[in-house]
Structure formats: structure tokens, C-alpha cells
Amino acid sequence: MKKIRLVYMGTPEFAVPPLAALLNDPAFEVLAVVSQPDKAQGRRKEVIPTPVKTLALQHNIPVLQPLKMRDGVLREALRGLDADFLLTCAFGRILPDDILSLPKCEALNLHASLLPKYRGAAPIQFALLNGDAYTGVSLMRMDAELDHGAVFSQRELKISDEMYYPELSAALANLAAEMAVTDLPRIISGALSGVEQAHEQASFTRLLKKEDGQINWHSDAKTIAQLVRATYPWPGAYGYLGDKRLKIHRAHVIAPELWTSVPSELQALAAGALIKAKKQGLFVRCGAGEPSLLQLEEVQLEGAKRLTAKDFSLGIKDGEVLS
RNA sequence: CGCGGAGUAGAGCAGUUGGUAGCUUGUCGGGCUCAUAACCCGGAGGUCGCGUGGUUCGAGUCCCGCCUCCGCAA
């Protein structure tokens, strides 16, 4: 049987499982991998190859890292490959028309949401941020607009309360991998056809910024917990203790029925007030009117290492308030 | 040379104008209690990151050099 020839375009960790699955499946032949240029990272500004590039090199797949999409160089490189599919996954750049319209090559995208919901750059984060019960992945055809083309297939995933961004991202990436391996052949055979999206229901996500991690302690604890889960590990949810930033790495909501102290006592506390409850843990009073409680699990003060809430609480005074 | 914070008992912190270290927690022993992540009593545990460095009668505390960790920025 003729192998399915494809060019894979992806950059971050999320795009690794699908590529790995395609590389391990004999039905596919990955002709080339396109990834974003390597960037300097870390305190020492070391240049780190992208996760997708690393995997590709381990399998001796040629890697292209074009600086520009529109100068024709990439198009020329791809044109000679005679691929059946151009498959992108978290590539991070919008592809110009001349690449999407390569002859006899279907340009597809793996997107981490149930389109038309959450088009754009940060679908996983926004699903967590909004406290959605479900999200998923979509396999779709690329067209001139962002995440706008016909959808071939989707897989759903339940979001559990324990999922932070890395867990959800990994779960979705695995789902995307499974979907790519099983559904690309079905597209070739004609078993799957693209269905136009319900565009009027589309929503869009943008890349998170550093400031998106700042916590408003007047929000209720549930909202704040969602922010913590969505922004971990970057940009990270944070408040301020004095003039120092305090990152909240892990936290969860305490259901009102589990409160050991009565609401009237909480009512008297300012939003952001830290509550040291002996061995029971460290809590923050949240909410504007109705008080709600957020239990901190893991935090990190600016300049210090990350600590469990227990260790952190040993070093702070009573009555301190986060802002 | 990007900016900045920090290295003190197992852990988290304090240590004022320099006078040989203290708190919380944990740990060990004992006690109390129907019981407790409760309470009471007692003990162990630190060459204060490194330098056979400098200043000083005397340095965790000031000066110099080095190492390590971390936040910001990228």
C-alpha cells in the first residue's frame, strides 16, 4: 500500500505527540518537518531547538526553519516534495496562500479546540480559564482565515478539576495524535469529508500576556483557581505580598460546605487576606461581597524558590494581605 | 559584563547601631484525654554558602573575592 506522504509543521511540545505517532506508523512517510526558528531561552540565553525539531532530527527527518513565510523560499522547498498532506499543528505562523494551494496537496491543521469555539493561539488556556467542562481537538482544512476552514473530524475530552495547563495540553496532544493517524487515511479514502463551520458561533483566543496572570482577589475563588490552572506554568498566576510578586503555582477552591470557620468571620476580612489555619493549610479570602476561599498549595515569592503552602506559611506573619 | 533578591538547626523564617545565635514547624522522649491535624513538659539538632581572606579586642552582623539558587527581562 502506498504510504501517505506528508509535511509536518509544528513548533512546541503540543505538536510532538502527533508527529511521533505519524513517524511510528508505517502508513505514513514524513517527508520534512517545518518548525519556527530556534530562540534564545533561559537566564543564560541559550539557544534551544524547538521540541518538534528535536524529535525530527532524532528520526533523521529534514527540518526547515524559514524566517519568513511569504518570501517564496518555503514554497519552493515544499513544492518539490510531492506531499499528499501539509499538516500543521501549533505551528505559530499564518501560512500564505501560495503554500496552502500547493498542487495535489491538502493543507490541514490540528487545532486544540472544538471548532468553531476557540479559534486562535491559546485555545487550551481559554478552555481552562472559562472553566469549560469539555474541550477537544479538531482536524480541519486551512483556508485564508484563521482556523476557519471545513472540519473533518473532532474528538472530545472531559476537563477534570485536577487538570492544569500541562496535563490538559498533553491529553489533547495525545488525542490529536490518535486523530491524525486514524483520520488522515479516511480523508484520502473519502470516508471523511469537510464540513463547514458554524461561523456565527466562532470565538477567538489570543496569546496570553504576562499581565493576564495577575489575580484580582475580588474575583471569586473559582475564577481564580481557573486562572491558576490556565496560566501554569506560564505566565503564571500571581498577586503581590507587599511589593513582591507571589506566584500561585497550585491552588484549589474550598467548597463552602467544607469551611471550618463561619462566613461572618470571613466577611470581616479583606479580599486577599491570608488565613493560616494551623495544620489545615493556607487560604486566601476571595470575592467582593460573598466570601469564597482559595486554598493555596504551592507558591513562590519573587526571588525565592517555590514552596509548599505549608512551608511558606511558616515564614509569614498573621494578618498579611495579598494584593 | 542586562536588572534585582537570596544562601543561618530536617523545613520555612528572624537576628536591631558588630559582643560567640532565636522563632515557627518537624523530629525524639514523656504526660494528659473517650478522642483529636488538640494540649502540657522535656531533649536532640547549627563549623551562620565558601575563602586556614580583610578590618576589629571581638563578625551571622562591615569590606574583598568566589560558588550556588531564584525573580524580572529576553
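Just so you know, these numbers come straight off a predicted model, no measurement behind them.
- Taking atom CG on A:Asp243 and atom C1' on B:G71, their separation rounds to 13 Å, with Å as the unit.
- Atom NZ in A:Lys305 sits roughly 17 Å away from atom P in B:C72 (whole-Å rounding).
- What separates CZ of A:Arg245 from C1' of B:C70 is a distance of 14 Å, to the nearest Å.
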Would you tabulate the pairs of protein nitrogen or oxygen atoms and nucleotide nitrogen or oxygen atoms of nucleotides 21-27 of chain B closer than 3.5 angstrom?
from	atom 1	to	atom 2	distance (Å)
B:G26	OP1	A:Lys279	NZ	2.1

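- As judged by a 4.0 angstrom heavy-atom cut-off over every strand, A:Gly303 is placed among the base-contacting residues.
- Under a 3.5 Å cut-off, the side chain of A:His111 and the backbone N or O of A:Pro116 do not form any donor-acceptor pair.
- Between B:A73, B:G71, B:C69, one nucleotide has an atom nearer to the side chain of A:Lys247 than all others, and that is B:G71.
- Within the nucleic acid shown, A:Ile316 has no heavy atom closer than 4.0 Å to any nucleic acid atom.
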Table please: side-chain donor-acceptor pairs of residues 19-35 of chain A below 3.5 Å, with sequence neighbours left out.
from	atom 1	to	atom 2	distance (Å)
A:Asn24	ND2	A:Ala20	O	3.2
A:Asp25	OD1	A:Ala27	N	2.8
A:Ser35	OG	A:Gly10	O	2.9
A:Ser35	OG	A:Thr50	OG1	2.7

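- The same atom, C1', is picked in B:G2 and in B:G19; the two are 41 Å apart, to the nearest Å.
- Remark: A:Lys117 engages A:Asp132 in a side chain to side chain donor-acceptor pair (under 3.5 Å) (not counting sequence neighbours).
- Annotation: A:Lys276, atom NZ; neighbour count of heavy atoms from other residues, nucleotides and ligands within 6.0 Å is above 12.
- To the nearest whole angstrom, the two P atoms, one in B:A59 and one in B:C50, are 15 Å apart.
- For A:Asp318 and B:C13, the CG to C1' distance is 14 Å, given to the nearest whole Å.
- The shortest distance between the side-chain N/O atoms of A:Gln300 and the OP1/OP2 oxygens of B:G71 is below 4.0 Å.
- For A:Lys39, the NZ atom sits in a loose shell: 12 or fewer heavy atoms of surrounding residues, nucleotides or ligands are nearer than 6.0 Å.
- B:G12 atom P lies 13 Å from atom CZ of A:Phe312, rounded to whole Å.
- Taking atom P on both B:A14 and B:U27, the two are 24 Å apart, rounded to the nearest angstrom.
- The CG atom of A:Leu241 sits 17 Å away from the P atom of B:G71 (whole-angstrom rounding).
- Protein atom NZ of A:Lys209 is 14 Å distant from nucleotide atom P of B:A74, rounded to whole Å.
- With both ends at atom C1', the span from B:G49 to B:U68 equals 8 Å, rounded to whole Å.
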Please table the atom pairs, donor to acceptor, closer than 3.5 Å between any side-chain atom in residues 85-103 of chain A and protein atoms at least two apart or in another chain.
from	atom 1	to	atom 2	distance (Å)
A:Thr88	OG1	A:Leu108	O	3.4
A:Thr88	OG1	A:Asn109	ND2	2.6
A:Ser101	OG	A:Asp97	O	2.8

Would you be so kind as to tabulate the donor-acceptor pairs closer than 3.5 Å made by side chains of residues 241-251 of chain A, with sequence neighbours excluded?
from	atom 1	to	atom 2	distance (Å)
A:Arg245	NH2	A:Tyr240	OH	3.3
A:His249	NE2	A:Gln300	OE1	2.9

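- Put simply, A:Lys276 has no side-chain N or O that comes within less than 4.0 Å of OP1 or OP2 on B:C13.
- A 6.0 Å sphere centred on CD of A:Glu320 holds more than 12 heavy atoms belonging to other residues, nucleotides or ligands.
- Look at the P atom in both B:U8 and B:U61: the space between them is 13 Å, to the nearest Å.
- At a threshold of 4.0 Å, the pair A:Lys305-A:Asp311 does not count as salt-bridged, since none of the basic side-chain nitrogens sits closer than that to a carboxylate oxygen.
- On the P atoms, B:U16 is 13 Å away from B:G7, given to the nearest whole Å.
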_Dot-bracket encoding of pairs in RNA chain B, which uses [ ] for pseudoknotted crossings and | for another strand, Watson-Crick or G-U under 3.5 angstrom_ = .((((((..((((.....[..)))).(((((.......))))).....(((.((..]....)))))))))))..
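- Heavy-atom distances to RNA chain B give each of A:Leu301 and A:Lys244 a nearest nucleotide, and the one nearer the 5′ end belongs to A:Lys244.
- A:Glu178 contributes atom CD, which lies 9.0 Å from atom CG of A:Asn174 (distance to the nearest 0.5 angstrom).
- Rounded to the nearest Å, the gap between the C1' atom of B:C72 and that of B:G65 is 26 Å.
- A donor-acceptor contact shorter than 3.5 Å is absent between the side chain of A:Arg119 and the backbone of A:Ala202.
- With rounding to whole Å, A:Tyr240 atom OH is found 10 Å from B:C72 atom P.
- When heavy atoms are screened at a 4.0 angstrom cut-off, A:Lys210 is found touching the sugar-phosphate backbone but no base atom.
- Comparing the C1' positions of B:G22 and B:A9 gives a spacing of 11 Å, expressed to the nearest Å.
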